[in-house]
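Here the structure comes first, spelled out in structure tokens, and everything after it is commentary.
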Amino acid sequence: MSAPKLEADALLAAAQNETGLADYGDDASFRTRFGLAVDHINSIGMDEAGQRAAAAACHWLLVSRLQLVGDRERYPIADEQIVRPLFATGQPRSGTTLLHALMSVDPNARSLRFWETMYPSPPPGLSDGGDDQRRGRADADWREINAKIPKWLLSHPYNDMLGDGLPEDERTWALDFRVMTPTAWWRVPMGMKIGGLPLDPRAQYAIHKMMLQQFQYARPGKYWVLKGFHGARLEALFETYPDASLIWTHRDPVQVIASRIMMAAELVEGMIGHVDLQQQAAIQLADARASMAAMMQAPMLGDPRIQHVRYTDFTADPVGTIRRFYEHSGVAWTAEAEAAMRHYLANNRGDRYGKFTYSPDVIGVDIEQLHREFAPFRKRFGIEIEQRK
């Protein structure tokens, strides 16, 4: 007997009843979008336990959304100015997480933290300090995630930061039901969903900015250092943050794809208990091809606010790369920032949970042909074919 289907209207009503709030900040399109997410969940055919987990995840995200919008009515959060944010971007598995982690230890910078994005209300600045109970809740969530998906620590050891970890900018869109990321849906046995939900870059950056304002409110002034996959949305990014600067790492596409496949496989296996490696290879290859083709056509690729960096140059000199990016962006480089970054590198080995291994063989296509296919991309960014053992 199949489990009862989730009903979008009932889930919306339950969140409104719990909070006493009814404004989602974008009611018409948001309700339609949420309905599509619920349709996707129902299409999976989960058992009753899976459906309950999905309903709980929906409730959590809906309540958080209502409270986020409600806070803007209670406090002058919308008056917060986001000044000269720094963004790191690039293909997945091209060094952007280490880049972001290093920038995040700059004492003059502020980064998104998982405990904030998971539990955004009330504004953290109203209860700032180490005793905010949301930190403990997010730590517990992350211990659960790490226990469920232990292999993720091999490819992404930063998960040991628990609730103080560094979410990608896409995590802010979980409240908008435009993405269904593992860090919002890990309790639901449905694998990973890439695409399929309506995208609107300007609306996505609007809620992103809402969350930056939420987490900046009533806190000391610092510049934001952020990370996400922004290459396909540059126009909307710079419309929202016209004084932003962006550092963009570029790596041999074949290595990017191979690494993506193995990390995605580990995530899916942890979430649902099994994985079809060939299916994941096809999904990640298709997504990488599409994103790199779009990148080559991006009209703002040469915008002076963007600094393009080769992955191999970054890994050879991480701190020097960031110093040059700061100089490019007109941001003061301090001895304190450099010392903090070097301390991080010395005390956070990338293989502290074991070696993450992958091979181009997992892609399942002719690798030499793939190298030829991506030759224009490599030429555009001065990338050599990466030889790995």
Side-chain angles (χ1 to χ4, degrees), residues 82 84-106 108-118 120 138 142 152 155-176 178-179 181-184 201 204-205 207-209 211-212 215-216 222-234 236-238 240-241 243-251 256 259-260 263 267 291 295 298 305-311 313-315 318-319 321-326 328-329 331 337 340-341 344-345 348 350:
I82 308 302
R84 298 177 70 183
L86 304 179
F87 288 87
T89 197
Q91 286 286 317
R93 315 304 300 161
S94 65
T96 53
T97 303
L98 175 59
L99 176 59
H100 185 208
L102 290 171
M103 291 197 296
S104 77
V105 300
D106 177 351
N108 295 309
R110 170 173 289 117
S111 298
L112 290 170
R113 300 290 172 172
F114 269 112
W115 73 270
E116 298 170 337
T117 57
M118 295 171 101
W142 267 100
W152 200 3
S155 60
H156 210 267
Y158 313 92
N159 292 352
D160 62 7
M161 296 171 71
L162 303 178
D164 207 39
L166 302 164
E168 293 159 349
D169 293 317
E170 286 77 4
R171 182 58 179 79
T172 66
W173 301 332
L175 295 188
D176 212 24
R178 296 191 186 276
V179 297
T181 65
T183 59
Q204 288 166 245
Y205 285 113
I207 194 167
H208 180 268
K209 184 175 180 179
M211 295 191 80
L212 296 191
F215 305 142
Q216 179 177 287
K222 295 185 177 185
Y223 47 82
W224 284 95
V225 293
L226 303 151
K227 175 222 169 174
F229 304 111
H230 301 292
R233 297 176 284 264
L234 294 176
L237 171 72
F238 285 121
T240 307
Y241 306 110
D243 58 353
S245 296
L246 184 145
I247 183 170
W248 195 334
T249 60
H250 300 284
R251 186 183 184 189
V256 164
S259 184
R260 284 180 61 168
M263 186 176 76
L267 284 166
S291 62
M295 186 191 310
R305 291 167 289 188
I306 301 172
Q307 185 178 49
H308 296 279
V309 175
R310 294 185 299 186
Y311 167 82
D313 292 338
F314 167 63
T315 56
V319 176
T321 298
I322 297 171
R323 175 179 54 78
R324 289 186 289 274
F325 174 54
Y326 274 40
H328 172 87
S329 306
V331 175
M341 292 178 194
Y344 182 94
L345 284 172
N348 292 275

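- In this structure, Tyr223 has no ring-ring contact (aromatic ring centres under 6.0 Å, His included) partners at least two apart in sequence or on a different chain.
- If you run side chain to side chain donor-acceptor pair (under 3.5 Å) between His208 and each of Asp169, Thr172, Thr240, only Asp169 comes through.
- With no hydrogens or angles considered, a side-chain donor-acceptor pair links Ser94 and Thr249 at under 3.5 Å.
- Scored by the side-chain contact (heavy atoms from CB on, under 4.5 Å) test, Glu168 finds Glu170, Lys227, Phe229 as partners (sequence neighbours excluded).
- Applying the ring-ring contact (aromatic ring centres under 6.0 Å, His included) rule to Phe325 yields no partners; only residues at least two apart in sequence or on another chain are considered.
- Counting heavy atoms from C-beta outward, Arg113 and Phe215 have side chains that stay 4.5 Å or more apart.
- Asn348 and Tyr158 are not linked by any side-chain donor-acceptor pair at a separation below 3.5 angstrom, with hydrogens and angles left out of the test.
- For Trp224, there are no ring-ring contact (aromatic ring centres under 6.0 Å, His included) partners at least two apart in sequence or on another chain.
- Taking Phe314 as the reference, nothing meets the ring-ring contact (aromatic ring centres under 6.0 Å, His included) condition, with sequence neighbours excluded.
- Remark: the Gln307 side chain and the Ser245 side chain contain no N/O donor-acceptor pair separated by less than 3.5 Å.
- For the residue pair Arg171 and Thr183, a side-chain donor N or O sits within less than 3.5 Å of a side-chain acceptor on the partner.
- Side-chain N/O atoms of Ser259 and Arg93 include a donor and acceptor closer than 3.5 Å.
- With sequence neighbours excluded, no residue forms a side-chain contact (heavy atoms from CB on, under 4.5 Å) with Ala232.
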